[in-house]
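This chain uses plain numbering: 1 for the first residue, then up along the sequence. Side-chain atoms are counted along with the backbone in the values below, which use heavy atoms only and exclude waters and symmetry mates.
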Amino acid sequence: TDAVDVTINTIPTVDLGNDVTQCGGTATLDAANAGADFEWSDNSTNQTLAVTATGTYAVTVTDANTCTATDEVDVTINTIPTVDLGNDITQCGGSATLDAANAGADFEWSDNSNNQTLAVTATGTYSVTVTDANTCTATDEVDITINTIPTVDLGNDITQCGGSATLDAANAGADFEWSDNSANQTLAVTATGTYSVTVTDANSCTATDEVDVTINTIPTVTLGSFITVCVGAADVTLSGGAPAGGIYSGTGVTGGVFDPSAGTQTITYTYTDVNTCSATATQTFTVDQCLDIAQTEENTVNCFPNPATNLLTVTVSSIQSNLTVRILDVTGKLVANDEQYNVSGAYYKVFDIANFTQGVYVVEIHNGNAFSTKRISKQ
């Protein structure tokens with residue numbers, strides 16, 4: 001008979017678990033069997049192993065009875081996608097384009113859109129979650145500030161006659177830079193030109209506008225003095241306004257002709273140039289009652305021949321101490337004159353009018369306190 005003691009020691013149980021697949025980070029493998037000896041495939045000897053890289057990892061566990069067991073596991077550490085929307089953005093108007101990169105991945109923006117890029121036109125915080133082919137995700141967000149660009153409108157182009165045009169860039173409190181380097185909100189313009197302004201607001205946002213301003217010169221208008229006529233005289237064609245081509249107006253004026261029956265009146269001459277700029281000049285047209293001579297004029301005063309060509313004869317049948325004879329053209333300009341003082345009797349004078357311009361002339365006769373006029377034509 002014989003006997004033997006047999007000891008069957010339990011082999012340690014080693015289970016590193018299922019293969020591991022994760023997105024980034026560290027996977028901790030645990031061989032359990034506290035107090036045993038451990039030998040990992042990387043030669044480390046701890047009970048646990050921190051894994052940060054993809055690979056196959058194995059461990060051999062030796063217990064106090066020198067019994068061993070081994071297990072291995074595949075660990076896959078997928079790279080987490082890199083998502084960087086960049087620095088916060090502050091800009092003036094327009095749109096900012098955010099790009100999550102990672103072409104081919106799935107995207108979910110904070111506005112529920114799912115393109116790789118997002119066009120942003122309003123101030124706010126925007127975020128995106130990127131999911132790659134390994135279902136690894138990453139998120140980033142960015143603050144966007146879209147400041148309003150100031151509205152600058154100098155209005156339509158300006159065309160005016162003389163004076164000044166005031167341009168207003170509005171946007172009170174902003175900074176202004178005009179094309180003439182002035183820095184006020186408004187600009188008074190007195191000369192023709194193109195004027196522009198750049199407005200910069202408190203957010204350093206700028207806007208520019210320009211306008212063409214045309215300041216046309218107002219014409220210089222003059223009106224010569226008129227002749228004096230008797231109240232019963234024939235209608236007088238007005239002249240003497242310059243530049244030519246204007247319009248005469250006033251009481252008793254119709255179509256450029258003055259009716260002396262209207263009495264002494266102020267005559268206005270208005271001229272409008274090609275730029276529609278206008279100006280006026282005025283003169284008084286004096287109408288005399290001519291009471292002392294009017295009843296006997298035909299008998300006491302005579303001018304002949306009428307029309308005249310070279311010579312004009314003026315006669316007055318009776319001089320009243322002092323006599324003045326004046327010949328005026330239609331503008332009232334004195335072209336001939338004769339004066340007699342302290343004389344009596346009849347008056348007879350031949351005036352040489354050969355060099356006078358053809359047209360109508362007025363002969364004024366001042367006979368003492370009496371006054372009379374005659375209209376003659378020069379041919």
Side-chain angles (χ1 to χ4, degrees), residues 84-100 109-113 115-128 140-222 242-243 245-247 249 268-282:
D84 183 6
L85 295 178
N87 297 326
D88 292 341
I89 296 173
T90 298
Q91 67 182 43
C92 299
S95 64
T97 299
L98 305 179
D99 191 344
W109 291 89
S110 47
D111 68 347
N112 296 320
S113 63
N115 294 319
Q116 179 181 324
T117 59
L118 178 67
V120 174
T121 58
T123 295
T125 299
Y126 296 85
S127 63
V128 65
D140 193 26
E141 70 176 17
V142 65
D143 290 329
I144 306 292
T145 302
I146 306 290
N147 290 315
T148 302
I149 296 175
T151 299
V152 182
D153 183 7
L154 296 179
N156 297 327
D157 291 341
I158 297 172
T159 298
Q160 68 181 46
C161 299
S164 65
T166 298
L167 306 180
D168 191 342
N171 296 282
D175 293 328
F176 307 92
E177 183 176 358
W178 291 89
S179 46
D180 68 346
N181 295 320
S182 62
N184 295 319
Q185 178 180 325
T186 59
L187 179 67
V189 175
T190 58
T192 294
T194 299
Y195 296 85
S196 63
V197 64
T198 297
V199 176
T200 304
D201 65 13
N203 295 314
S204 300
C205 294
T206 64
T208 299
D209 193 30
E210 70 177 17
V211 64
D212 291 327
V213 177
T214 302
I215 308 290
N216 291 314
T217 302
I218 298 175
T220 299
V221 177
T222 60
I247 297 174
S249 62
T268 300
Y269 179 73
T270 303
Y271 174 78
T272 302
D273 63 18
V274 294
N275 296 315
T276 69
C277 295
S278 64
T280 62
T282 60

message = Tell me every residue that passes side-chain hydrogen bond (donor to acceptor under 3.5 Å, both in side chains) with D209, counting only those two or more places apart in sequence or in another chain.
response = none

task = Using side-chain hydrogen bond (donor to acceptor under 3.5 Å, both in side chains) as the criterion, list what pairs up with S113, not counting sequence neighbours.
result = D111

note = Quick note, disulfide bond (SG atoms under 2.5 Å apart) partners involving residues 150-184, not counting sequence neighbours, are C161-C277

query = Is a side-chain N or O of Y271 found less than 3.5 angstrom from the main chain of I247, in a donor-acceptor match?
reply = no

query = Would a 4.5 Å heavy-atom cut-off, applied to side chains only, mark V197 and L154 as touching?
reply = yes

ask   = Quick one: does W178's side chain have a donor or acceptor within less than 3.5 Å of a partner on A183's backbone?
value = no

query = Under the side-chain hydrogen bond (donor to acceptor under 3.5 Å, both in side chains) rule, what pairs show up with a residue in residues 193-208, not counting sequence neighbours?
reply = T194-D212, T198-T208

key: Contacts of type side chain to side chain contact (heavy atoms under 4.5 Å, CB included), residue A281, not counting sequence neighbours   = V221, L223

key: side-chain hydrogen bond (donor to acceptor under 3.5 Å, both in side chains) partners of residues 155-176, not counting sequence neighbours, each pair once   = D168-Q185

key: L167/V213 under side chain to side chain contact (heavy atoms under 4.5 Å, CB included): CA gap, chis, key distance, verdict   = CA-CA 10 Å; L167 306 180; V213 177; 4.3 Å; yes

message = So, using side-chain hydrogen bond (donor to acceptor under 3.5 Å, both in side chains) as the criterion, who are the partners of S182 when residues are at least two apart?
response = D180

CG on D143 to CD1 on I89, rounded to 0.5 Å = 10.0 Å

query = Would the number of heavy atoms belonging to other residues, nucleotides or ligands and lying under 6.0 Å from CD of E177 be above 12?
reply = no

Output side-chain donor-acceptor pairs under 3.5 Å for residues 145-153, partner residues at least two apart or in another chain, one line each.
from : atom 1 : to   : atom 2 : distance (Å)
D153 : OD1    : G155 : N      : 2.9

task = Rounded to the nearest 0.5 Å, what's the gap from CD1 on I144 to CG on L118? Could you check?
result = 9.0 Å

